[in-house]
Amino acid sequence: QLQLVESGGGLVQLGGSLRLSCAASGFTLNSYTIGWFRQAPGKEREGVSCITNSAARIDYADSVKGRFTISRDNAKNTVYLQMSSLKPEDTAVYYCAAKRVNSCIAYYKYDYWGQGTQVTVSS
């Protein structure tokens, strides 16, 4: 069964850091573009970051540029999202997703989604 599992969420204070992990089972992530998304209560889901299978292309939402870093460890079949200088507005459920297309362009939809991990930033 193809599955993505996020971990690493939690409660952190303003200015703190967290590292989210997205691990795959049933398939190898190195052939997939991976995206991180988040959804806050009452808001639409938004894209946070994306990394293509070769890491040749990396994108960030303007709201997280300079604070978040996406990376992948294909040997561990895992993609990470390092989050620093966290703000209360970063509070959301964070999801990772995978797509076969080697592109971060939103036109190409994601094939698999994880269940999400909660990130809460207190002020």
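Hydrogens, waters and symmetry mates are skipped; everything else that's a heavy atom, side chains included, is used.
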| query | What residues, two or more places apart in sequence or in another chain, satisfy side chain to side chain donor-acceptor pair (under 3.5 Å) together with Arg67? | reply | Asp90
| query | In Å, rounded to the nearest 0.5 Å, how long is the span from SG of Cys96 to CD1 of Ile70? | reply | 9.5 Å
| request: Mark yes or no for whether Gln115, through its side chain, and Val5, through its backbone, hold a donor-acceptor pair below 3.5 Å. | output: no
| request: Please list, chain by chain and in numerical order, all residues satisfying side chain to side chain donor-acceptor pair (under 3.5 Å) with Ser71, sequence neighbours excluded. | output: none
| task | Write down the atom of Gly116, the atom of Val93, and the distance for their closest heavy-atom approach. | result | CA-CG1, 3.8 Å
| request: Say whether, by atom type as modelled, one donor and one acceptor occur between the side chain of Ser84 and the main chain of Ser17 under 3.5 angstrom. | output: no
| said: Checking Arg100 now: which residues fulfil salt bridge (Lys or Arg N to Asp or Glu O under 4.0 Å) with it, not counting sequence neighbours? | reply: Asp111
| said: Can you tell me how far apart NZ (Lys99) and SG (Cys50) are? Round to the nearest 0.5 Å. | reply: 5.5 Å
| Joint cluster assignment, Val79 & Leu2, ILVMFWY side-chain distance < 4.5 Å | yes
| request: Using a 4.5 Å cut-off on heavy atoms from C-beta on, say whether the side chain of Val119 contacts that of Val121. | output: yes
| request: Go through the structure and list residues passing salt bridge (Lys or Arg N to Asp or Glu O under 4.0 Å) with Lys43, not counting sequence neighbours. | output: none
| Residues in ring pair (Phe, Tyr, Trp, His ring centres under 6.0 Å) with Tyr94, at least two apart? | none
| query | Cys22 and Trp36: which non-hydrogen atoms are nearest, and at how many Å? | reply | CB-CZ2, 3.5 Å
| query | With hydrophobic residues grouped by side-chain heavy-atom distances under 4.5 Å, do Ile34 and Ile58 end up in a single group? | reply | yes
| task | Applying salt bridge (Lys or Arg N to Asp or Glu O under 4.0 Å), name anything that partners Arg57, two or more places apart in sequence or on another chain. | result | Asp59
| request: Please work out which of the three classes, parallel, tilted or perpendicular, describes the rings of Phe27 and Tyr112, given edges at 30° and 60°. | output: tilted
| remark: Contacts of Glu46 meeting side chain to side chain donor-acceptor pair (under 3.5 Å) (sequence neighbours excluded), chain-then-number -> Arg38
| query | Can you name the closest pair of heavy atoms from Val64 and Val48 and give their distance? | reply | CG2-O, 3.7 Å
| query | Under 3.5 Å, side chain of Tyr32 to main-chain N/O of Ala97, donor-acceptor pair present? | reply | no
| query | Is it the case that more than 12 heavy atoms not belonging to Gln13 sit under 6.0 Å from its CD atom? | reply | no
| query | Which heavy atom of Gly9 sits nearest a heavy atom of Thr117, and at what distance? | reply | N-OG1, 3.2 Å
| query | If you measure from OG1 on Thr120 to CG on Leu86, what distance do you get to the nearest 0.5 Å? | reply | 10.5 Å
| message | Holding to side-chain contact (heavy atoms from CB on, under 4.5 Å), I want the full list of residues that pass it with Ser7, two or more places apart in sequence or in another chain. | response | Ser21
| request: Mind checking side-chain contact (heavy atoms from CB on, under 4.5 Å) for Arg19 and listing every partner two or more places apart, or none if nothing turns up? | output: Tyr80, Gln82
| request: Go through the structure and list residues passing ring pair (Phe, Tyr, Trp, His ring centres under 6.0 Å) with Phe37, not counting sequence neighbours. | output: Tyr110, Trp113
| Which residues satisfy the side chain to side chain donor-acceptor pair (under 3.5 Å) test with Asn77, sequence neighbours excluded? | none
| request: Taking all non-hydrogen atoms of both residues into account, name the closest pair between Ser123 and Pro88 and its distance. | output: CB-CG, 3.9 Å
| query | In chain order, what residues pass the side-chain contact (heavy atoms from CB on, under 4.5 Å) check against Ala56, with sequence neighbours excluded? | reply | Thr52, Ser54
| message | Using modelled atom types and a 3.5 Å cut-off, is there a donor and acceptor pairing between side-chain atoms of Thr33 and backbone atoms of Val101? | response | yes
| task | For the residue pair Tyr108 and Ser103, establish whether any side-chain heavy-atom pair is separated by less than 4.5 Å. | result | yes
| What closest approach, in Å, do Gly47 and Ala61 show between heavy atoms, and which atom pair accounts for it? | O-CB, 3.4 Å
